[in-house]
2 protein chains.
Amino acid sequence: MKDPASPVCRTISTLLSRIGDKWSVLVVTTLGEGPRRFNELRREIPAVSQRMLTLTLRNLERDGLVSRAVTPSIPPRVDYALTPLGESLRCPIAALSDWAIANVAEIHEAQRRFDHEHDQAAAA
Amino acid sequence: MKDPASPVCRTISTLLSRIGDKWSVLVVTTLGEGPRRFNELRREIPAVSQRMLTLTLRNLERDGLVSRAVTPSIPPRVDYALTPLGESLRCPIAALSDWAIANVAEIHEAQRRFDHEHDQAAAA
DNA sequence: CGGGATCCCAATGGATACTG
DNA sequence: CAGTATCCATTGGGATCCCG
């Protein structure tokens, strides 16, 4: 199970990278509230650059988590939404962020203590 | 909630980065089976370099997820173990990897279809 | 045994400009 | 509006050598 060459482990690893990348989770949770157009997502996630939003959406689409519907009008219209697969990921993601929210104080205190006990050079 | 400047979001983001980095989850799940010494971990996770294992353990220790116990003998002995906080993370992590395992086939098929529909240049 | 220090390459990601 | 293309800075991470 821990052999990094096994397909299962590589897929999990890929998924974790996707979860860990800077914007995927934010996009998935936003789309979890309902379909969005490209610039709607940009507005709801102000810090994302248009380049990274595009890349993130492409990756999520490739993994089958997000659907992309193009309406070839002038101006063009593209709607993004979670697929059923993407919907099913919301639950484990929520579990993770719930954990994070529940333990943010403890983590911060651990970091503070760690930084204090070692040299206080790396005071993030 | 989506303001990236908010402390909560920054902490979640940090946690997700930790989850998403290449080795943290593997280390946490391995330590979930019981305490391990440094080189035991290296043996159980063959692909990790000693540098990255050190860094990963330091980060996890700083976040309060892993404890580090030094026995100053010759040769030195260092035991790593999950803290209660680290233990509590095993559940959401398991939820995530269960999801990944359950959906690996569907994800692969989505990727295959995506790569096929677009140019087959990026055949990962 | 359990690291730290250094070097170096590859990937991530931001800013900006251009396009259909 | 919804991207694509290019350039560039930062970071991640492997290899190697050294040390207590």
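Annotation: the terminal axes of the helix from dC1(C)-dG20(D) to dG20(C)-dC1(D) meet at 40°, where each axis is the rotation carrying the C1' atoms of four end pairs onto the next four (5 pairs per end, rounded to 10°).
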Exercise. Which is it for Arg113(A) and Asp115(A) under the salt bridge (charged side-chain N to carboxylate O under 4.0 Å, His left out) test, yes or no, and what are the steps along the way?
Worked result: CA-CA 5 Å; Arg113(A) 199 168 46 233; Asp115(A) 293 342; over 6 Å; no
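Salt-bridge check for Arg112(B) with Glu109(B): passed, with a basic side-chain N closer than 4.0 Å to an acidic carboxylate O.
Among dG14(C), dC1(D), dA2(D), the nucleotide with an atom closest to any side-chain atom of Lys22(A) is dG14(C). Residue Pro76(A) places its side chain closer to dC1(D) than to any other of dG3(D), dC1(D), dG2(C).
We find that CG of Leu55(B) is positioned 14 Å from P of dT11(D), with the value rounded to whole Å. For the pair Arg68(A) CZ and dT4(D) C1', the interatomic distance rounds to 12 Å; values are reported in whole Å. Rounded to a whole Å, the CG atom of Asp21(B) is 11 Å from the P atom of dG14(D). Note: CZ (Arg36(A)) to C1' (dA2(D)) measures 17 Å, nearest angstrom. When rounded to the nearest whole Å, the span between CG of Leu16(B) and P of dT12(C) equals 17 Å. Note: CZ (Arg77(A)) to P (dA2(D)) measures 8 Å, nearest angstrom. Distance Met52(A) CE to dG3(D) C1': 15 Å, rounded to the nearest Å. Rounding to whole angstrom units, CD of residue Glu61(B) and P of dG3(C) are separated by 9 Å.
For the 3.5 Å distance criterion, the side chains of Tyr80(A) and Arg36(A) fail to qualify, holding no donor opposite an acceptor. Of the N and O atoms on the side chains of Thr56(B) and Asn59(B), not one donor lies less than 3.5 Å from an acceptor on the other residue.
Considering Asp79(A), Val78(A), Leu57(A) in turn, Val78(A) is the only one that fulfils the side-chain contact (heavy atoms from CB on, under 4.5 Å) rule with Arg68(A).
In this model, the phosphate group of dC1(C) is not approached by any side-chain N or O of Tyr80(B) to a distance below 4.0 Å at OP1 or OP2.
Counting non-hydrogen atoms under 4.0 angstrom, Arg42(B) reaches nothing in the nucleic acid.
Summarising the geometry, atom CD1 belonging to Ile107(A) is positioned 5.5 Å from atom CG belonging to Leu85(B); distances are rounded to the nearest 0.5 Å.
At least one donor-acceptor pair under 3.5 Å links the side chain of Asp21(B) to the backbone N or O of Ser24(B). With hydrogens and angles disregarded, a donor-acceptor distance shorter than 3.5 Å links the side chain of Ser97(B) to the backbone of Ile93(B). The backbone N or O of Gly64(B) lies less than 3.5 Å from a partner atom in the side chain of Thr83(B), making a donor-acceptor pair.
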Report all interatomic pairs (protein N or O, nucleotide N or O of nucleotides 15-18 of chain D) with separations under 3.5 Å.
none

